[in-house]
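The structure appears right after this line, and notes come after that.
The sequence lines fix the lettering, A, B, ..., with proteins before strands; numbering per chain opens at 1. As the structure is a computational prediction, the values presented were derived from the model and not from experiment.
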Amino acid sequence: MSGERYNPREMEPKWQKVWDDARSFVSSNDDPREPYYVLEMFPYPSGRIHMGHVRNYSMGDVVARYYRAKGRNVLHPMGWDAFGLPAENAAIERGMNPGIWTRQNIEAMKAQLKSMGLAIDWTREIATCEPDYYRHQQAMFIDMLAAGLVTRKKSKVNWDPVDMTVLANEQVIDGRGWRSGAVVEQRELTQWFFKISDYAEELLEALDGLTEWPEKVRIMQRNWIGKSEGLRLLFELEPGQTTAASSIEVFTTRPDTIFGASFIALSPDHPLTSELAAGNPALAEFVAECHRHGTATETLEKGEKLGLFTGLRVKHPVIEGATLPVYVANFVLMDYGTGAIFGCPAHDQRDLDFARKYDLPVIPVVLPLVHTEAGYADADPDAFISKMASETEAYVGPGKIFNSGFLDGLEIEAAKKAIAAHFAARKVDGQAQGTVEVNYRLRDWGLSRQRYWGAPIPIIHCEVCGTIPVPKKDLPVVLPDDVSFDKPGNALDHHPSWKHVNCPQCGGAARRETDTMDTFVDSSWYFARFTAPDADTPTIPAIADRWLPVDQYIGGVEHAILHLLYSRFFTRAMKATGHVGLDEPFKGLFTQGMVTHETYKSPAGEWVPPTEVVVETNGEQRTARHIRSSEPIAIGSIEKMSKSKKNVVDPDEIVASYGADTARWFMLSDSPPERDVQWTEAGVEGASRFQQRVWRLVGETIDLAKQSSDIVHGSDDDEAKTLRKAVHRAVHHVGADIEGLRFNRAVAQIYELTNALVRGAGLVSAAPAARLDALQQGVERLVQLIAPMMPHLAETCWQALGKPGLVTDAPWPEVDPALLVDDTVTMPIQVNGKRRGEITVAKGTPAAEVEKLVLSMDEIARILDGKAPKKIVIVPDRIVNVVV
RNA sequence: GCGGGCGUGGUGGAAUGGUAGACACACCGGACUUAAAAUCCGGAGACUGUAUAGUCGUACGAGUUCGAGUCUCGUCGCCCGCACCA
């Protein structure tokens with residue numbers, strides 16, 4: 001049988017059918033074995049899989065197949081994140097119904113995924129656009145509403161005045177609508193929110209427990225939640241002003257710099273600003289100006305600070321008789337803190353920029369430490385004050401408070417405490433002037449989308465009864481199929497009859513909510529639905545709790561914040577409403593890198609796809625030309641595969657020409673999985689060659705066994721022993737590397753083992769009785785090691801070797817610990833830290849004996865040249881270092 | 001600006017503080033072949049014209065250590081995330 005090439009095109013569909021028929025990857029909720037849940041982020045059904053999917057699902061599949069072999073009850077499901085804008089765009093551009101378009105895409109992508117030979121339990125497949133899925137989401141929304149986890153409030157949206165539609169943030173490009181090009185306006189709509197901010201502290205604290213998450217993702221979430229501790233502080237208005245208000249409340253994290261305050265600034269959206277603008281045309285114009293610039297990126301990037309004096313003045317809270325001017329400033333945000341600040345220019349960069357522009361006082365109150373010959377010392381106050389008088393950089397470092405009355409001499413933290421106590425004891429408008437407060441950057445999660453293709457929010461608006469949830473017995477609220485997209489705006493809203501219903505409470509005429517849910521809601525619980533995909537309730541809590549949390553979740557970093565944070569919140573909300581019994585959905589998280597490719601450009605400057613380019617290597621030189629026209633092609637930089645740069649490689653074509661195993665193997669080899677991988681023709685060729693190499697090795701082994709069918713196996717000779725050791729080492733390391741998701745290292749181990757086995761096969765004929773058994777066993781183990789990565793090849797080899805059953809069902813090989821250790825060890829010998837030789841001794845040789853041996857060595861004596869060693873460091877079994 | 005990460009041969013990358021460059025790709029040489037492909041064997045960090053020898057070498061500069069790619073400090077460069085959050 002040797003000499004015959006392995007044909008993946010023939011074998012891959014064959015084995016896929018065998019696994020299907022045997023229901024190999026269907027997992028049972030009743031299986032008593034220890035569960036293991038591995039999940040890759042489910043795809044949006046765009047219609048075609050891309051190399052990023054291949055990489056993502058290859059990794060998950062290795063984990064799934066490995067833990068199956070280790071005897072765990074593995075859950076490895078797949079579904080579709082099927083709601084979202086592209087379906088509506090297809091409807092508008094091609095006149096296709098979003099549902100039909102989406103379901104066609106799902107079928108096409110499913111076929112592609114199946115051709116990869118993934119160990120997926122397809123019986124649990126779910127698509128978020130199906131009423132069977134979103135009815136449960138609607139039910140949970142109602143539960144969460146009842147539990148006080150949902151609220152309704154006004155919020156701004158991006159409004160495209162030409163298309164008459166609400167735009168998502170990513171549809172706003174440089175302040176204009178992506179389709180119409182019209183300048184986008186901000187409009188206020190009443191929308192639904194999940195009260196995720198109520199969980200800010202808990203979501204923050206629980207991050208510490210997610211030890212199997214990348215540190216990077218945890219930091220990103222921590223920053224996103226953005227906890228800060230500060231003081232709410234009331235500033236009394238001077239009497240006789242143009243407003244009825246008597247005070248302004250600000251939030252600050254630097255109350256210690258209060259003696260350095262030189263102005264108050266209000267957000268353009270502050271209620272007091274609106275009140276004042278009503279009687280002040282210049283201010284009204286300024287506020288309008290700020291709104292126009294609000295979305296324009298140039299303003300943000302330049303960061304120009306603009307403000308307008310309101311004419312109001314407040315009393316300085318700690319300097320008797322002093323007052324501060326009140327400005328409206330473009331850089332003050334309404335939705336953080338109180339929408340008003342006090343400015344201390346000396347110690348805040350923004351405030352300093354503002355002060356320089358409007359010529360406001362700069363009063364230093366924190367004295368930095370300076371480095372002197374004697375060490376660190378306080379800076380000279382007068383010198384610092386005169387330096388700051390013309391300085392353009394604020395001092396934000398540590399130091400001692402000065403220039404600040406009763407705070408003088410305190411460190412910053414102590415001063416914060418002292419000033420907080422001071423203001424807590426004083427009263428303004430009958431309340432404490434200052435209150436310590438913790439603030440979070442995290443806002444509530446607005447889930448309303450003015451879109452057709454999403455899960456309907458199950459609410460009915462009644463003129464009489466108000467906002468009424470749809471009774472659970474009436475769920476699901478199903479999207480109508482007969483919609484048209486010829487009018488701009490929300491097709492659901494335009495539907496002639498859908499929204500007209502009777503109020504479930506009073507029976508009178510009422511109106512359905514026509515907003516649908518953010519698709520992030522869909523993806524915030526699908527992992528739980530997989531545990532009981534046919535249940536009549538959203539979950540079966542006992543079953544969900546047995547599988548969850550997901551042991552290993554794998555996906556792109558682009559979801560590091562929103563999807564993962566929302567899922568963490570939603571799991572808590574599901575717990576609060578009795579749908580699961582746990583807080584954290586994902587125990588282990590892994591974020592894989594992107595797939596990149598070289599870019600190519602024609603002389604005309606157009607991007608050229610790799611399929612139309614021939615790359616030629618001439619020594620060190622690489623040149624490219626067009627496959628048809630032969631015109632020279634410029635080889636450009638390596639970029640993430642994207643349609644716009646045309647540097648994409650279609651997985652279908654790779655599977656058709658090289659087979660799924662080759663694509664999978666290449667995705668796993670070489671590059672560490674968390675880093676970007678570069679797709680290269682040479683790399684794929686190499687993967688394909690390795691596949692053939694394994695196949696030849698198997699064939700050769702079978703031939704050797706046939707030729708030696710009459711020999712009696714004797715005991716191992718040294719070659720056989722060496723081979724067995726190599727095998728056990730490889731089994732050990734590959735297992736550990738897969739568990740640690742170091743697939744590239746697992747691959748390297750397998751290469752090494754293959755090299756050893758090929759060499760071993762060449763040595764069998766000389767002594768078959770002593771060596772054949774070791775080879776055969778080694779090749780069998782090799783097949784098992786590659787099975788999680790190249791499962792089709794592995795099955796073919798397994799069968800050829802005459803092994804019963806499927807390698808997919810074979811238990812992971814056991815490691816004999818005795819074969820992992822050598823009885824001798826080679827220790828390098830260093831002289832003054834430089835390697836000068838080595839010595840091979842029995843393992844565990846005592847240091848004293850090693851020292852004697854080393855000093856008696858000629859080469860060492862030569863290097864020492866008669867000098868006596870000052871010290872000899874010996875780490876047993878590791879290294880010798882002679883210090884002269 | 002703030003936060004995080006990274007910097008190792010021609011390339012992707014290995015290396016619990018202990019022999020730097022495993023493994024692979026590309027390259028070069030040889031074998032087989034009429035020839036090519038495929039395959040097999042071998043070479044290879046740089047420099048010292050030779051190499052069983054030596055020197056240098058993990059972005060750069062210091063430091064800790066018997067010993068540093070790995071730890072500490074500083075500099076430079078690249079990448080990512082957040083970005084007027086008071």
Nearest to side-chain heavy atoms of A:Asn330, which nucleotide of B:rC84, B:rG3, B:rC80
B:rC84

Value in whole Å for how far the P atom of B:rG3 lies from CD1 of A:Ile219
11 Å

Answer yes or no: is there a donor N or O on one side and an acceptor on the other, between the side chain of A:Thr253 and the main chain of A:Glu229, under 3.5 Å?
no

Residues A:Thr826 and A:Thr840: side-chain donor-acceptor under 3.5 angstrom:
yes

Donor + acceptor pair across side chains of A:Tyr336, A:Ser228 (<3.5 Å)
yes

On the nucleotide B:rA14, are OP1 or OP2 found under 4.0 Å from the side-chain N or O atoms that A:Asn744 carries?
yes

Among B:rC82, B:rG13, B:rA38, which nucleotide has an atom closest to any side-chain atom of A:Pro672?
B:rG13

Determine the Euclidean distance between corresponding P atoms of B:rG3 and B:rU11; express it in Å to zero decimal places.
33 Å

Options B:rC23, B:rA14, B:rC84, nucleotide nearest the side-chain atoms of A:Arg675
B:rA14

Take the angle between the ring planes of A:Tyr395 and A:His347 and call it parallel below 30°, perpendicular above 60°, tilted in between.
perpendicular

Using a cut-off of strictly less than 4.0 Å, decide whether A:Lys834 has a side-chain nitrogen or oxygen near OP1 or OP2 of B:rC56.
yes

With P as the reference atom in both, quote the distance from B:rA22 to B:rC32 in angstrom, rounded to an integer.
30 Å

The Watson-Crick or G-U wobble partner of B:rG1, with both key distances under 3.5 Å, is B:rC82

Quick check for you: among B:rA38, B:rG18, B:rC66, whose closest atom lies nearest to any side-chain atom of A:Val883?
B:rC66

Less than 4.0 Å between a side-chain N and a carboxylate O, is that true for A:Arg254 and A:Asp351?
no

Where the side chain of A:Val332 is defined as all heavy atoms beyond and including C-beta, which of B:rU19, B:rC82, B:rA86 is the nearest nucleotide?
B:rA86

What's the gap between B:rG5 and B:rA68 when it is taken at their P atoms, as a whole Å value?
24 Å

Does A:Ser197 form a side chain to side chain donor-acceptor pair (under 3.5 Å) with A:Asp444? I'd like the steps, not just the answer.
CA-CA 5 Å; A:Ser197 61; A:Asp444 278 337; 2.6 Å; yes

Let me know the distance between CG of A:Asn223 and P of B:rG1, rounded to the nearest Å.
17 Å

Using Watson-Crick or G-U wobble geometry with both distances below 3.5 Å, tell me the partner of B:rC66, or none.
B:rG18

Syn/anti label of B:rG9 as read from its glycosidic torsion, with the cut at 90° from 0
syn

Let me spell it out: for each of A:Glu215 and A:Gly226, pick the nucleotide of RNA chain B with the closest heavy atom. Which residue's pick is nearer the 5' end?
A:Glu215

The nucleotide from B:rA38, B:rC23, B:rA86 with an atom nearest the side chain of A:Glu752 is B:rC23

Test item: side-chain donor near acceptor, A:Glu598 and A:Tyr600, under 3.5 Å:
yes

Expressed as a whole number of Å, how far does the P atom of B:rC27 sit from that of B:rU75?
43 Å

Are any of the side-chain nitrogens in A:Glu739 or A:Arg742 under 4.0 Å away from the carboxylate oxygens of its partner?
no

On the nucleotide B:rA26, are OP1 or OP2 found under 4.0 Å from the side-chain N or O atoms that A:Arg689 carries?
yes

When you compare B:rC80 with B:rU65, how far apart are their C1' atoms, in angstrom units rounded to a whole number?
34 Å

My understanding is that a pair needs two contacts under 3.5 Å, Watson-Crick or G-U wobble. By that rule, which nucleotide pairs with B:rU11?
B:rA24

Strictly below 4.0 Å: does A:Arg836 bring a side-chain N or O up to OP1 or OP2 of B:rU55?
yes

Within this structure, what is the OH-to-C1' distance between A:Tyr6 and B:rU39, rounded to whole angstrom?
20 Å

Any N/O donor-acceptor pair, A:Arg878 side-chain to B:rU16 base, under 3.5 Å
yes

What's the closest nucleotide to the side chain of A:Tyr751 if the choices are B:rA24, B:rG13, B:rC56?
B:rA24

Residue matched to B:rC73 through Watson-Crick or wobble contacts both under 3.5 angstrom
B:rG61

Please determine, for the side chain of A:Leu333, which listed nucleotide (B:rC25, B:rA86, B:rA83) has the closest atom?
B:rA86

Whole angstrom value for the distance that separates C1' of B:rC66 from NZ of A:Lys871:
5 Å

Ignoring hydrogens and geometry beyond distance, is the side chain of A:Lys305 in donor-acceptor contact with the base of B:rC84 at under 3.5 Å?
yes

Atom pair distance, as rounded to whole Å: CD1 in A:Ile872 and P in B:rG67:
15 Å

Considering only the P atoms, how many Å lie between B:rC79 and B:rC28, rounded to the nearest integer?
33 Å

Between B:rC25 atom C1' and A:Glu685 atom CD, what is the distance in whole Å?
12 Å

Using the P atom as the point on both nucleotides, what is the distance between B:rG43 and B:rA36, in whole Å?
24 Å

Determine the Euclidean distance between corresponding C1' atoms of B:rU8 and B:rA35; express it in Å to zero decimal places.
42 Å

In this structure, how many angstroms lie between the C1' atom of B:rG3 and the CZ atom of A:Arg441, rounded?
11 Å

Report the nucleotide, chosen from B:rG81, B:rA83, B:rA86, that has the shortest atom-to-atom distance to any side-chain atom of A:Ile561.
B:rG81

Which nucleotide, in any strand shown, forms a Watson-Crick or G-U wobble pair with B:rU39, with both distances under 3.5 Å?
B:rA31

Whole-Å distance separating the CE atom of A:Met334 from the P atom of B:rA86:
15 Å

Give the nucleotide from the list B:rA86, B:rC66, B:rC40 with an atom nearest to the side chain of A:Asn881.
B:rC66

At 4.0 Å (heavy atoms only), tell me whether A:Ser669 reaches a base, stays on the sugar-phosphate, or touches nothing.
nothing

On RNA chain B, nearest-nucleotide positions of A:Val873 versus A:Gln830: which is more 5'?
A:Gln830

Using OP1 and OP2 only, check whether a side-chain N or O of A:Asn755 sits under 4.0 Å from B:rA24.
yes

Distance-only side-chain donor-acceptor flag, A:Glu437 / A:Asn439, under 3.5 Å
yes

Is there a Watson-Crick or G-U wobble partner for B:rU55 with both distances under 3.5 Å, and which nucleotide is it?
B:rA46

Looking only at side-chain N and O atoms, does A:Thr680 come under 4.0 Å of OP1 or OP2 in B:rC25?
no

